[in-house]
Amino acid sequence: MRTSFLGDKPIGRIGFGAMQLAGPGVFGPPRDPDAARAVLRRAIELGVDHIDTSQYYGPDVVNDLIRETLHPYPQQLKLVTKVGARRDDRGGWLPALEPHELRQGVEDNLRALRVERMDLVNLRVFGDGGAPGVPLPEQLGALQDLRDEGKLDLIGVSNVSLEGARRALELVELGEIQNGYSILDRSAEPLLDLCREHAVAFVPFFPLGSAFSGGPSKLAADPAIAAVAAKHGATPSQIALAWLLARYDRILLIPGTTSVAHLEENLAAGDVVLDDDDLAALADVQEAGDPLH
């Protein structure tokens with residue numbers, strides 16, 4: 001299947017994660033702004049209808065690039081962001097989970113992207129309940145208020161524990177859960193099961209394993225992945241993405257890149273159909289663990 005659903009709206013299963021368009025460490029401007037714009041333009045040309053971004057990527061840098069390059073946006077394009085963090089002067093990541101900070105985060109995204117309504121806003125959760133002294137119901141309640149005001153369509157959660165996701169499902173209607181998950185790190189399998197149970201989209205970040213921990217090179221070095229790739233005339237990265245698509249029909253992929261060639265490679269993974277023998281072989285892939293720990 002090339003399409004799935006985000007909430008009740010059809011969406012292509014392979015979108016684009018824009019985080020890498022910022023400078024090193026997701027901080028500051030890109031080394032080559034023209035190349036970043038070229039990737040965004042090519043993504044739209046190839047039919048991408050889902051871009052995942054955030055105002056704190058840069059900060060400000062990525063949203064500005066998206067607006068400068070793509071506005072006015074194609075009618076079918078869905079813009080997804082996340083709130084709940086901020087950056088310090090050195091690019092460090094800090095929680096920003098007070099209700100007024102979440103509201104400001106949404107407003108900043110709306111203004112920078114020049115839209116009146118976000119298609120989905122993810123709450124980036126710190127642990128089970130966010131920052132100390134900020135109960136999860138207050139955080140999600142702030143986003144629900146913004147939804148009632150028409151400033152966002154769907155609410156999601158990101159970087160959440162299984163217990164945190166269960167609590168969130170009790171509090172609001174979720175459009176997606178976004179957590180680390182790949183053929184190299186399957187620790188979020190219980191979250192995937194929860195999404196299946198509730199028919200909620202699951203959006204894995206680090207879908208190829210993290211570049212920070214050698215994910216793509218580990219994919220290429222695994223004999224099972226290499227054998228399946230050779231059988232399909234595909235790259236190891238394409239096999240890893242195809243494996244994710246086969247896991248659940250509401251998995252949506254947002255692989256990021258600063259290269260047009262890699263963008264085209266990632267999108268072509270949607271043409272790779274794995275059979276039962278492939279999936280059995282890939283079940284033996286050696287996991288590398290959570291790239292963030």
Side-chain angles (χ1 to χ4, degrees), residues 6-7 17-23 25-29 51-67 78-161 163-180 191 200 203 205 254 256 292:
L6 186 63
M19 182 176 73
Q20 293 184 34
L21 297 184
V26 200
F27 192 64
I51 294 179
D52 184 276
T53 184
S54 177
Q55 191 68 13
Y56 57 72
Y57 292 166
D60 307 320
V61 170
V62 171
N63 278 357
D64 288 349
L65 279 168
I66 292 170
R67 182 195 69 249
K78 294 176 177 61
L79 293 171
V80 172
T81 192
K82 62 177 66 68
V83 294
R86 60 185 177 88
R87 313 298 293 278
D88 64 20
D89 293 343
R90 298 181 180 180
W93 302 80
L94 302 171
L97 289 160
E98 295 285 350
H100 73 274
E101 293 176 308
L102 297 175
R103 173 174 287 274
Q104 186 64 53
V106 172
E107 297 284 3
D108 288 345
N109 278 278
L110 292 171
R111 182 178 61 257
L113 292 166
R114 202 177 297 168
V115 294
E116 295 182 358
R117 182 185 184 94
M118 297 301 307
D119 292 290
L120 186 143
V121 174
N122 278 302
L123 171 68
R124 188 188 190 283
V125 178
F126 283 72
D128 286 349
V134 189
L136 185 62
E138 291 187 20
Q139 298 167 33
L140 291 172
L143 294 185
Q144 184 62 53
D145 287 345
L146 287 158
R147 186 182 186 190
D148 292 343
E149 294 168 23
K151 294 184 176 181
L152 60 96
D153 187 27
L154 296 168
I155 296 170
V157 288
S158 175
N159 196 46
V160 67
S161 69
E163 180 58 30
R166 285 176 173 152
R167 291 177 63 201
L169 282 163
E170 293 172 355
L171 294 166
V172 295
E173 179 184 356
L174 286 185
E176 73 177 36
I177 293 175
Q178 186 182 106
N179 265 61
L191 271 174
V200 171
V203 183
F205 55 76
I254 50 168
L292 294 177

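In this structure, CG on Leu154 lies 5.5 Å from CZ on Arg147, to the nearest 0.5 angstrom. In this structure, OH on Tyr57 lies 15.0 Å from CG on Asp64, to the nearest 0.5 angstrom. The structure places CD of Gln139 at 5.0 Å from CG of Leu123, a figure rounded to the nearest 0.5 Å. Put simply, CG on Leu102 and CD on Glu138 are 10.5 Å apart, with the number rounded to the nearest 0.5 Å.
Residues satisfying the side chain to side chain donor-acceptor pair (under 3.5 Å) test with Asp145, not counting sequence neighbours, are none. Under the rule for a side chain to side chain contact (heavy atoms under 4.5 Å, CB included), the partners of Ala18 that lie at least two apart in sequence or sit in another chain are Phe16, Leu21, Ile51, Thr53, Val62, Ile66.
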side-chain hydrogen bond (donor to acceptor under 3.5 Å, both in side chains) evaluation trace for Gln55 with Asp60: CA-CA 5 Å; Gln55 191 68 13; Asp60 307 320; 2.7 Å; yes
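Relative to the ring axis of Trp93, Arg87 places its NZ or CZ within 45° and under 6.0 Å from the centre.
Under a cut-off of 6.0 angstrom, the local environment of CD in Glu173 is sparse, with at most 12 non-hydrogen atoms contributed by other residues, nucleotides or ligands.
Thr81 has its side chain within reach of Val121: a pair of non-hydrogen atoms, C-beta onward, lies under 4.5 Å apart.
Under the 3.5 Å distance criterion, the side-chain polar atoms of Glu101 are matched with a main-chain donor or acceptor of Leu97.
Of the candidates Leu143, Leu152, Asp108, Leu143 is the only one forming a side chain to side chain contact (heavy atoms under 4.5 Å, CB included) with Val83.
Smallest separation of non-hydrogen atoms from Asn122 and Glu176: ND2-OE2, 2.7 Å.
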